[in-house]
2 protein chains.
Amino acid sequence: MATRRKTHQGSEVSKQAILEAVLSRAVEAGYEGTTMADVARASGLPIGSVYWHFQNKEQLFVALLDHCFEVWRRTHASAADMRELLRRSIADSAAASGSLADPAAAFWSIGLVFAFERRLEDNLARQRYLAIREEMFEFIASRLRASYAGVTEDVAAELAHDIAVMGRALTDGFRVAAAAGDDTDFTRYAELAADALESLVSARLREHAQRA
Amino acid sequence: MATRRKTHQGSEVSKQAILEAVLSRAVEAGYEGTTMADVARASGLPIGSVYWHFQNKEQLFVALLDHCFEVWRRTHASAADMRELLRRSIADSAAASGSLADPAAAFWSIGLVFAFERRLEDNLARQRYLAIREEMFEFIASRLRASYAGVTEDVAAELAHDIAVMGRALTDGFRVAAAAGDDTDFTRYAELAADALESLVSARLREHAQRA
DNA sequence: GTCTATAGAACGATAGAC
DNA sequence: GTCTATCGTTCTATAGAC
């Protein structure tokens with residue numbers, strides 16, 4: 001079963017090498033900036049092999065998005081509370097500017113390009129990004145909902161939705177700051193963001209406690 | 001002085017038509033998605049004229065950025081306080097998704113693409129965007145600083161900086177939400193964002209009042 | 001200043017030998 | 001499954017007539 005280096009290695013090995021290559025390139029250059037020739041070069045395989053393993057550029061990025069979402073789900077499933085979630089999300093923004101340390105985290109900054117490029121409206125990778133964005137939102141909102149005690153389900157659901165919207169805006173905003181190269185201490189502002197959201201939560205809970 | 005339509009009209013008239021054309025295209029398709037042929041078609045002039053008035057695509061976008069910044073400065077110079085600033089900025093995000101109503105506002109969502117496309121590192125338009133982003137930040141921070149009474153200058157400066165960072169993250173984040181097509185009531189969340197930042201301000205001011 | 005034609009480069013994708 | 005050569009398209013930019 002001995003195989004020569006780079007030729008006829010297991011299919012899965014090559015596929016994985018290509019996924020790693022496209023991640024490293026996408027982090028540097030985004031979707032449009034990543035060329036299939038780049039990916040081939042970074043993977044050590046010829047461009048023909050890339051097209052043998054993946055139908056086209058769109059499908060290659062769809063596969064990459066799915067892979068990154070898996071990583072995200074694993075690392076965020078164990079987050080204890082809102083503050084911890086914000087800490088991790090905003091720290092990921094910092095990782096995105098430093099770049100290579102945690103490519104799977106840095107990827108989500110690249111994903112934002114999909115949000116802006118309306119030219120990619122029919123692009124399957126863009127649609128997958130938006131679908132995953134929605135799934136992440138529901139994931140966060142349902143966790144928050146479960147953490148509000150002493151109010152009706154309706155109130156908890158609306159509050160969780162509001163806080164999830166605000167939290168998403170903040171983390172996306174700090175990703176923009178990282179991409180723009182703003183000189184920002186993300187660790188510090190993660191705490192400030194958590195302070196701000198916590199004060200919204202307690203104000204809302206207080207408000208409904210008075211009515212009861 | 002009668003001139004035939006579209007031929008040899010005043011230089012300024014054509015230049016302005018081209019700027020309007022590139023704005024309308026950039027709002028739809030971003031930087032890379034806007035082609036010089038698109039701009040020419042939208043302006044009603046041939047592509048040769050576009051290159052006669054502007055050196056190249058980069059310089060065309062530099063001129064567009066400067067023009068939009070002028071509009072922004074005019075419309076935000078009169079903003080009364082932080083809540084009003086957030087209202088306008090986040091309402092602009094909504095305008096960006098609806099698109100054509102206020103192109104000068106919608107433009108800033110397009111500008112965010114420059115933040116993400118690192119491939120454009122040496123691009124003069126990207127550098128201009130980042131410079132203007134910095135100027136806007138200082139503009140906001142200095143206005144906030146002047147609004148905090150009863151604390152030392154150092155404290156006011158640090159607080160203004162923090163709130164400006166948080167406000168920028170929030171508005172950028174809502175621009176992302178608009179671009180991603182998230183179903184969001186921007187008017188409502190502008191108020192919530194203002195509530196959150198105001199609670200940060202009063203907490204900080206209270207903290208320093210106790211020490212004095 | 002306006003307009004057409006085209007050069008020149010980059011990219012996605014395919015064909016077909018091995 | 002791997003690899004090379006190449007096709008077809010798209011886009012920026014220029015040349016040069018008017």
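Numbered from 1 within each chain, the chains take letters A, B, ... in sequence-line order.
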Knowing that exactly one of Val62(B), Leu19(B), Val39(B) qualifies, which makes a side-chain contact (heavy atoms from CB on, under 4.5 Å) with Phe54(B)?
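Of the listed residues Val62(B), Leu19(B), Val39(B), the side-chain contact (heavy atoms from CB on, under 4.5 Å) partner of Phe54(B) is Leu19(B).
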Evaluate the ring pair (Phe, Tyr, Trp, His ring centres under 6.0 Å) criterion for residues Phe137(B) and His161(B): first the C-alpha distance (whole Å), next the side-chain angles of each, then the deciding distance (0.1 Å), finally the verdict.
CA-CA 9 Å; Phe137(B) 182 84; His161(B) 184 87; 5.3 Å; yes
How many Å lie between CG on Leu45(B) and P on dG1(C), as a whole number?
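The answer, rounded to whole Å, is 12 Å.
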Could you check how far NE2 of His53(B) sits from C1' of dT12(D), rounded to whole Å?
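His53(B) atom NE2 is separated from dT12(D) atom C1' by 18 Å.
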Which atom of Leu192(A) lies closest to which atom of Leu200(B), heavy atoms considered:
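For Leu192(A) versus Leu200(B), the nearest heavy atoms are O-CD2, 3.9 Å.
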Give a yes/no on whether any side-chain N or O of Ser14(B) is located under 4.0 angstrom from OP1 or OP2 of dG1(C).
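No, because none of the side-chain N or O atoms of Ser14(B) sits under 4.0 Å from OP1 or OP2 of dG1(C).
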Along nucleotides 4-14 of chain C, 5' to 3', which nucleotides get a B, which get an S, and which get a -, given that the test is a protein heavy-atom distance under 4.0 Å?
BB-----SSBB
Would you confirm whether the ring centroid of His76(A) sits within less than 6.0 angstrom of the ring centroid of Phe69(A)?
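Not close enough - the centres of the two rings lie 6.0 Å or further apart.
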Set of salt bridge (charged side-chain N to carboxylate O under 4.0 Å, His left out) partners for Asp185(B), sequence neighbours left out:
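None.
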